[in-house]
Amino acid sequence: MDLLKEEYIILELIPTAISPNKGDIIQLSALKLKGLQLQSRFDERLEERLIALEDFKELISYDKEEFKYKSSTKEMLEDFQEWSKGLPLLILDNVYTNNFLESLPNKKESLLKYIGKEYNDHIIEDLIEENNIEPTNYIVDILYETLIKHL
């Protein structure tokens with residue numbers, strides 16, 4: 001895919017488990033791009049009352065007013081599917097992201113292949129350090145800034 005010309009979406013999600021059979025998505029953020037130009041943003045979270053573990057609540061405790069809140073992972077994925085309009089998804093190619101997005105028909109590619117990296121448990125910290133990016137809670141923004149620096 002030619003990331004300088006085509007439309008695509010950068011996506012990141014935060015789950016409570018590796019599998020949708022055992023957990024939920026508690027946050028899904030995505031950026032719709034045309035080339036490197038931001039077209040729109042998607043930010044949804046699971047309603048806090050549905051999140052059992054305090055550690056997960058703490059993980060997504062920032063910028064509460066910036067998110068739309070949903071009552072289920074299913075509802076969140078339905079909203080995302082409508083918003084994404086079938087565009088290709090650039091994802092962090094890890095087990096849980098692939099598992100939770102399996103039901104979406106969008107083409108999925110590893111964002112890391114466009115920047116010459118492989119997934120590891122510290123990839124976000126590595127990208128911040130290697131690309132001199134200001135740390136933020138929005139992983140999708142870090143991925144976007146990394147793409148800009150590499151393309």
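Excluded from the calculations below are hydrogen atoms, water molecules and symmetry mates; all remaining heavy atoms, backbone and side chain alike, are included. Residue indices begin at 1 and follow the sequence shown.
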*asked:* Test question: given the 4.5 Å side-chain rule for I, L, V, M, F, W and Y, name all other residues clustered with V95, or answer none.
replied: I18
*Just wondering, more than 12 heavy atoms not from K107 lying within 6.0 Å of its NZ?*
no
*Who are the salt bridge (Lys or Arg N to Asp or Glu O under 4.0 Å) partners of E129, not counting sequence neighbours?*
none
_D2 side chain to L4 backbone, donor-acceptor under 3.5 Å_ = yes
_How long is the straight-line distance from CE of M1 back to CD of E7, given to the nearest 0.5 Å?_
11.0 Å
*asked:* Are the side chains of Q81 and P105 in contact, using a 4.5 Å heavy-atom criterion?
replied: yes
*Work out which heavy atom in F56 is nearest to a heavy atom in P15; give both atom names and the distance.*
CE2-O, 3.7 Å
_Test your reading of the model: is there a side-chain donor-acceptor pair from S72 to the backbone of E75, 3.5 Å cut-off?_
yes
*Locate the shortest heavy-atom distance separating L36 from Y8; write the atom from each residue and the value.*
CD2-OH, 3.6 Å
*Could you go through the side-chain contact (heavy atoms from CB on, under 4.5 Å) check for E48 and I60 one step at a time?*
CA-CA 9 Å; E48 190 172 310; I60 61 167; over 6 Å; no
_Regarding E145 and K149, does a basic nitrogen lie under 4.0 Å from an acidic carboxylate oxygen?_
no
*asked:* Taking side chain to side chain contact (heavy atoms under 4.5 Å, CB included) as the definition, give me every residue that meets it alongside I115, ordered by chain and number, with sequence neighbours left out.
replied: L111, L112, K117, L127, T146, L147, H150
*Out of curiosity, L90 CG to K108 NZ, how far, rounded to the nearest 0.5 Å?*
12.0 Å
*What do the steps show when you test L89 against I10 for side-chain contact (heavy atoms from CB on, under 4.5 Å), and what is the final call?*
CA-CA 6 Å; L89 306 178; I10 300 172; over 6 Å; no
_Non-neighbouring partners of N21 that pass side chain to side chain contact (heavy atoms under 4.5 Å, CB included), sequence neighbours left out_ = S19
*Hey, are the side chains of L104 and F80 touching, using non-hydrogen atoms and a 4.5 Å cut-off?*
yes
_CG-OH distance between L3 and Y114, expressed to the nearest 0.5 angstrom_ = 5.0 Å
*Kindly compute the distance separating CG (L59) from CG (L53), expressed to the nearest 0.5 Å.*
11.0 Å
Between side-chain atoms of residues 23-33 and protein atoms elsewhere (two or more places apart, or another chain), which donor-acceptor pairs fall under 3.5 Å?
{"from": "D24", "atom 1": "OD1", "to": "T73", "atom 2": "OG1", "distance (Å)": "3.1"}
{"from": "Q27", "atom 1": "OE1", "to": "R45", "atom 2": "NE", "distance (Å)": "2.7"}
{"from": "Q27", "atom 1": "OE1", "to": "R45", "atom 2": "NH2", "distance (Å)": "3.1"}
{"from": "Q27", "atom 1": "OE1", "to": "Y62", "atom 2": "OH", "distance (Å)": "3.3"}
{"from": "Q27", "atom 1": "NE2", "to": "Y62", "atom 2": "OH", "distance (Å)": "2.8"}
{"from": "S29", "atom 1": "OG", "to": "D43", "atom 2": "OD1", "distance (Å)": "2.6"}
{"from": "K32", "atom 1": "NZ", "to": "W83", "atom 2": "O", "distance (Å)": "2.6"}

*asked:* Going by the rule side chain to side chain contact (heavy atoms under 4.5 Å, CB included), which residues pair with E66 if we only count those two or more places apart in sequence or in a different chain?
replied: D63, Y138
*Indicate yes or no: does K34 engage E6 in a salt bridge with an N to O separation below 4.0 Å.*
no
_Straight-line distance of D141 CG to L38 CG, nearest 0.5 Å_ = 8.5 Å
